[in-house]
2 protein chains.
Amino acid sequence: MSYRAPLRDFRFLLDHVVGFDRVAATGRYCEAAPDTVEAVLTGAGRLCEEVLAPLQRAGDTRPARLENGVVRTSPGFAEGYRAIAEGGWISTSASPEHGGMGLPQTLTTAVNDMMSAACLSLQLNPLMTQGQIEALEHHASAEIKALYLPRLISGEWCGTMNLTEPQAGSDLGALRTRAEPRDDGTHAITGQKIYISWGDNDFTENVCHLVLARLPDAPAGTKGISLFMVPKRIPDAAGRPGAANALRVVSLEEKMGLHGAPTCVMAYEGATGWLVGEENAGLAAMFTMMNNARLGVGVQGIGVAEAACQRAVAHALERRQGRPPEAGDTGAIADHADVRRMLAVMKAEVFAARAIALANAVAGDMARATGGADWAVRAALLTPITKAHGTDTGIEVASMGMQVHGGMGYIEETGAAQYLRDVRVTAIYEGTNGIQAMDLVGRKMADGGAAAFALLDEIDAEAAAAQTALPDLAGPVAEAARTLRGATDWLVAQPSDERFAGAVDYLRAFARVLGAHYHLRAARAAGGQGPRAALARVFVTRILPEHAGRLHAARAGAAGLYALSAEELAR
Amino acid sequence: MSYRAPLRDFRFLLDHVVGFDRVAATGRYCEAAPDTVEAVLTGAGRLCEEVLAPLQRAGDTRPARLENGVVRTSPGFAEGYRAIAEGGWISTSASPEHGGMGLPQTLTTAVNDMMSAACLSLQLNPLMTQGQIEALEHHASAEIKALYLPRLISGEWCGTMNLTEPQAGSDLGALRTRAEPRDDGTHAITGQKIYISWGDNDFTENVCHLVLARLPDAPAGTKGISLFMVPKRIPDAAGRPGAANALRVVSLEEKMGLHGAPTCVMAYEGATGWLVGEENAGLAAMFTMMNNARLGVGVQGIGVAEAACQRAVAHALERRQGRPPEAGDTGAIADHADVRRMLAVMKAEVFAARAIALANAVAGDMARATGGADWAVRAALLTPITKAHGTDTGIEVASMGMQVHGGMGYIEETGAAQYLRDVRVTAIYEGTNGIQAMDLVGRKMADGGAAAFALLDEIDAEAAAAQTALPDLAGPVAEAARTLRGATDWLVAQPSDERFAGAVDYLRAFARVLGAHYHLRAARAAGGQGPRAALARVFVTRILPEHAGRLHAARAGAAGLYALSAEELAR
């Protein structure tokens with residue numbers, strides 16, 4: 001069974017659910033006409049089906065390894081990377097000024113979804129580079145841009161993000177890597193970084209590390225962190241990678257999955273670095289790119305969910321067990337009610353999570369294209385939901401896919417288990433899903449909930465418009481939105497500990513309501529009939545009901561959690 | 001961080017929640033006096049802490065392997081097995097007539113819980129033997145009992161279950177392994193069996209395979225299956241393992257986890273087998289032992305959840321990140337609201353799932369001790385819930401445990417990921433959790449729901465008794481029980497496809513109500529105060545609310561699932 005790019009779903013979502021036409025109508029993205037969209041989808045889809053999907057297993061069974069300080073990648077990854085780079089798929093949204101396509105992030109989101117589904121461990125490499133390109137576009141000097149961007153965009157070089165240190169994970173303020181100014185304007189970077197995805201490879205000419213570090217006179221905490229470009233090989237005057245920089249890969253982590261993506265412990269030993277952006281403003285620079293990076297990781301979860309769903313459906317249509325429940329049935333396990341339930345739920349989950357991600361990307365594109373503050377806050381609000389819910393969907397759908405396979409699901413050769421092992425990290429990296437939920441109820445609701453209420457207004461309007469034609473769908477959506485509104489009213493009146501104690505449940509409930517909203521829109525667009533409407537009914541009757549219990553839990557409060565002392569927890 | 005046997009929880013559950021005193025008051029189990037219970041718990045606990053838990057990682061990193069047709073087990077497993085056998089922990093509930101302790105299954109359940117937590121892959125070996133002992137006690141001839149039971153009970157030999165074939169998984173009626181009668185009364189067994197847990201080892205004198213096969217004249221389907229004892233080495237007249245039987249391990253499966261437990265493809269090539277029980281009644285014989293086997297697998301999930309919870313709590317108390325939210329806090333991540341939420345939820349989940357399992361075991365013991373039909377149907381009703389919910393709890397708590405660890409959780413060395421990889425199979429084997437749910441809403445409600453309603457009556461009575469003292473807990477429990485009763489009324493009036501379409505959601509909701517019920521009982525026993533009551537509040541406010549959405553989904557019906565055609569699912 002091989003991956004098939006879900007082009008029909010992307011086209012339908014873009015055309016009928018997330019309002020991509022508004023993006024294409026802007027001046028900035030006027031190139032994103034229907035034929036361009038079609039060319040991007042089909043081109044990326046073909047790459048994923050034909051080149052990347054066949055690499056998926058080798059990325060697991062023949063992991064990246066460290067040999068004499070050099071990372072050797074899985075068989076075929078070099079060729080796969082080259083195909084990604086040559087197709088321009090690293091830089092669909094990068095600035096045309098330096099060689100990018102300048103297309104909307106929405107299309108990059110679709111491309112990333114497909115690449116994640118086909119081969120997550122390899123896709124993580126260009127995803128990191130995309131983040132670095134964005135950071136440089138916003139914060140780097142003209143010289144650094146001119147030197148690095150064309151090569152990152154072409155894929156000759158790739159980029160990494162160096163944030164975490166052993167004592168500084170979610171709490172970046174605790175980081176200790178030092179940057180000592182030198183007379184020539186560069187800095188000597190010294191410190192250890194951990195969990196560096198794709199910290200090295202054997203297929204790009206250079207590896208460009210963006211490293212967070214502290215200047216000698218920097219204030220403590222998050223306000224004393226600066227950002228540096230620290231290339232593996234120092235470019236010469238002509239921009240060719242020259243002398244080796246004073247940095248090395250110390251070791252690779254042995255992980256639960258994602259074996260094809262080397263996770264490096266990096267040592268910087270007086271490595272030459274160039275300041276990116278202002279001194280002590282490194283964290284702010286990282287935050288600029290964080291929204292797209294988090295969207296990108298959420299989409300990793302969705303892509304893996306799609307692939308896991310496809311594999312489970314194929315297995316369930318093939319595998320025969322037991323007496324056909326009714327005459328005319330095939331005897332395939334897909335006809336058994338509980339297997340059918342799992343398949344339908346998986347499919348409905350993927351559709352909902354993908355709609356949220358694409359709506360998020362559309363909002364970001366509209367913000368960039370129009371400068372509209374409403375679009376920017378919409379994108380900001382949706383980002384933690386896309387990230388946390390997209391990756392949770394990846395984990396849950398991958399696990400359900402294993403379950404559909406029965407005993408075969410636990411055997412590695414089947415490939416179903418790899419999805420779960422690979423995707424599990426997406427709920428952790430780029431800010432754990434708990435951090436995302438706190439971002440949603442904290443920063444993203446520092447506006448008193450205005451962005452959330454604006455979105456709820458749209459959901460209400462959609463439900464009202466659908467009420468006559470599709471009362472069985474519109475009614476529950478309106479009711480759920482009302483419950484979510486009530487919980488939001490409550491939430492924004494709470495102090496932070498109360499918000500945080502309910503954050504994960506609240507985010508989940510919000511995602512349920514959003515998912516139902518987009519399914520309703522899809523059902524309406526399909527005239528209330530056919531498979532789109534049937535899938536919407538699966539979501540509304542079987543998945544949306546979760547929201548009420550979650551909102552109940554979200555309001556349970558912090559006091560109950562702290563009623564158990566730390567000692568009692570440990571007992 | 002090492003495993004600590006949760007003896008306080010077992011004592012509290014036995015004494016105050018699941019009514020173990022009734023078991024100890026029966027004639028059959030009068031030996032199970034408090035000092036015996038204490039000796040069992042502390043003895044098994046010490047074994048698990050000191051001998052088994054240190055083997056856990058080696059069982060993952062140094063998997064069992066096949067060398068020249070012989071299984072070589074992980075380092076230390078032979079010694080670990082010997083310690084289990086010598087302590088009598090294989091046979092705490094086996095008949096004293098053949099050397100067992102004859103103690104209640106409830107105590108074996110506690111022992112299995114601890115052994116699963118300490119080293120799941122090794123524990124699976126004695127769990128299989130326990131099942132075989134039970135099958136032989138009920139169905140074997142006096143000769144077979146006399147020959148095999150003492151050696152299985154002592155652990156000199158161990159037992160396996162050979163059910164699955166490539167075309168016969170959940171549908172055992174499709175199995176093809178043949179049994180040809182020979183003149184000497186034995187049978188020649190020929191066929192291939194797959195997914196045979198612990199199909200061989202290098203630490204017992206013999207491996208005794210119970211194999212399902214068809215006699216030449218057998219009817220098709222499940223009514224033509226017979227059960228055979230097929231030892232690896234054929235015992236001589238003195239009962240010593242003699243000549244090698246015509247069977248072999250063809251290969252070991254490469255699995256997501258549980259690497260220490262060899263999962264074998266077995267070939268029987270005219271192997272000598274002895275009929276166990278009546279001809280063509282093999283499946284019925286397997287069903288006899290299935291209840292305890294399913295209880296045992298459910299408890300595997302709970303044990304792993306306990307271990308994962310302990311490890312996460314230890315990490316969260318140790319790891320410091322970020323500013324302490326309040327003065328007086330330690331700065332440990334356990335003090336952050338969302339981490340605290342995860343820890344409290346994990347702990348509350350383990351308590352609830354364990355209470356269900358122990359109540360299930362108590363019902364089984366009471367049925368055996370008193371012959372009471374009410375107890376038997378109670379045990380039968382609870383078994384699929386214990387199995388499916390216990391293993392789902394294992395998976396969810398293990399995954400949450402990884403999340404508490406952040407990036408470290410994805411690194412294998414930490415050990416958090418192994419729990420998830422190991423426990424994932426428990427939702428699949430011994431009847432998938434979907435099969436469990438169908439068993440609950442099908443066979444176990446063929447009584448029109450009488451057993452379920454009797455249990456709901458008890459839940460109502462408990463809630464009523466607690467209403468005055470603990471209204472904040474009793475109220476939600478009573479309300480949830482009412483909703484569950486309504487859904488049960490609906491369910492028992494439905495045809496099987498409707499029941500099956502809602503089965504998994506219904507089972508989950510039932511488990512939520514049961515979990516809340518036992519937490520309420522615990523809170524009452526604790527006088528409504530202290531950590532027991534605090535944990536009950538966590539469950540009732542944060543976990544119980546799930547039941548309503550689940551029951552909504554359970555009633556969504558089958559038609560909506562089949563509204564999407566197979567082709568549409570695949571598209």
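Because the structure is predicted, anything quoted here is derived from the model rather than measured. We name chains A, B, ... by the order of the sequence lines, and we start the count at 1 in each one. The basis for the numbers below is simple: all heavy atoms, side chains too, and nothing from hydrogens, waters or symmetry mates.
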| What part of B:Ala501 lies closer than 4.5 angstrom to a heavy atom of chain A: side chain, backbone, both or neither? | both
| note | Applying a strict 4.5 Å limit to non-hydrogen atoms, the region of B:Ser496 in contact with chain A is neither
| remark: The interface call for B:Ala427 against chain A, heavy-atom contacts under 4.5 Å, is both
| message | Below 4.5 Å, heavy-atom pairs only: which of A:Gln167, A:His552, A:Arg341 has the largest tally toward chain B? | response | A:Arg341
| chain A contact via B:Lys347 - which portion, at a heavy-atom distance below 4.5 Å | side chain
| task | Measure B:Ala554 against the heavy atoms of chain A and call it side chain, backbone, both or neither at under 4.5 Å. | result | neither
| note | Pair count under 4.5 Å, heavy atoms only, with chain A: among B:Gly257, B:Gly557, B:Cys309, highest is B:Gly257
| Checking B:Arg550 against chain A: side chain, backbone, both or neither under 4.5 Å from a heavy atom? | neither
| remark: Looking only at B:Leu551, B:Thr263, B:Asp505, B:Val313, most heavy-atom pairs under 4.5 Å shared with chain A are made by B:Val313
| Which atom names give the shortest non-hydrogen contact between A:Tyr195 and B:Gly407, and what distance separates them? | OH-C, 3.4 Å
| field | Side chain, backbone, both or neither of B:Val538 within contact of chain A (heavy atoms, under 4.5 Å) | value | side chain
| task | Heavy-atom distances under 4.5 Å only: say whether B:Ile333 touches chain A with side chain, backbone, both or neither. | result | neither
| said: Heavy-atom pairs under 4.5 Å with chain A: which of B:Gln403, B:Glu568, B:Arg320 has the most? | reply: B:Gln403
| field | Segment of A:Ile543 engaging chain B (4.5 angstrom heavy-atom cut-off) | value | neither
| remark: Heavy atoms of A:His336 and B:Tyr562 approach each other most closely as C-OH, 3.6 Å
| query | How many angstroms lie between atom CG of A:Asp392 and atom OG of B:Ser399, to the nearest 0.5 angstrom? | reply | 8.5 Å
| query | Is B:Gln310 reaching over with its side chain to a backbone N or O of A:Ala570, donor-acceptor style, under 3.5 angstrom? | reply | no
| query | Atom OG1 of A:Thr541 and atom CG of B:Leu561: how far apart are they, to the nearest 0.5 Å? | reply | 7.5 Å
| With a 4.5 Å heavy-atom cut-off, do B:Ile411 and A:Met256 have their side chains touching? | no
| request: Could you tell me which portion of A:Pro476 (side chain, backbone, both or neither) has an atom closer than 4.5 angstrom to a non-hydrogen atom of chain B? | output: neither
| message | For chain A, which candidate among B:Glu253, B:Glu254, B:His547, B:Arg340 shows the most heavy-atom pairs at distances under 4.5 Å? | response | B:Arg340
| Contacting moiety of B:Met408, where chain A heavy atoms sit under 4.5 Å | both
| task | Check whether B:Asp9 gets within reach of chain A through its side chain, its backbone, both or neither, counting any heavy atom under 4.5 Å. | result | neither
| message | Is A:Arg424 in contact with chain B via its backbone, its side chain, both, or neither, using a 4.5 Å heavy-atom distance? | response | both
| task | Compare every heavy atom of A:Gly406 with every heavy atom of B:Ile428, then report the nearest pair and how far apart it is. | result | CG2-C, 3.4 Å
| query | Where on A:Met402 is there a heavy atom nearer than 4.5 Å to chain B: the side chain, the backbone, both, or neither? | reply | both
| request: Looking only at non-hydrogen atoms, find the nearest pair between A:Gly434 and B:Asp338 and report the distance. | output: CA-OD2, 3.4 Å
| task | Count the heavy-atom pairs under 4.5 Å between each of B:Ala417, B:Ala563, B:Pro531, B:Ala556 and chain A, then report the option with the highest count. | result | B:Pro531
| query | chain B: which of A:Ile194, A:Asn433, A:Val425 shares the most heavy-atom pairs with it under 4.5 Å? | reply | A:Val425
| Is chain B contacted by the side chain of A:Arg555, its backbone, both, or neither, given a heavy-atom distance below 4.5 Å? | neither
| request: Select one option (side chain, backbone, both, neither) describing which atoms of A:Ala416 are under 4.5 Å from chain B's heavy atoms. | output: neither
| Atom group of B:Leu317 that falls short of 4.5 Å from chain A, counting heavy atoms | side chain
| remark: With sequence neighbours left out, the residues meeting ring pair (Phe, Tyr, Trp, His ring centres under 6.0 Å) with A:His315 are A:His405
| field | Pairs flagged by ring-ring contact (aromatic ring centres under 6.0 Å, His included) wherever residues 410-440 of chain B is involved - sequence neighbours left out | value | none
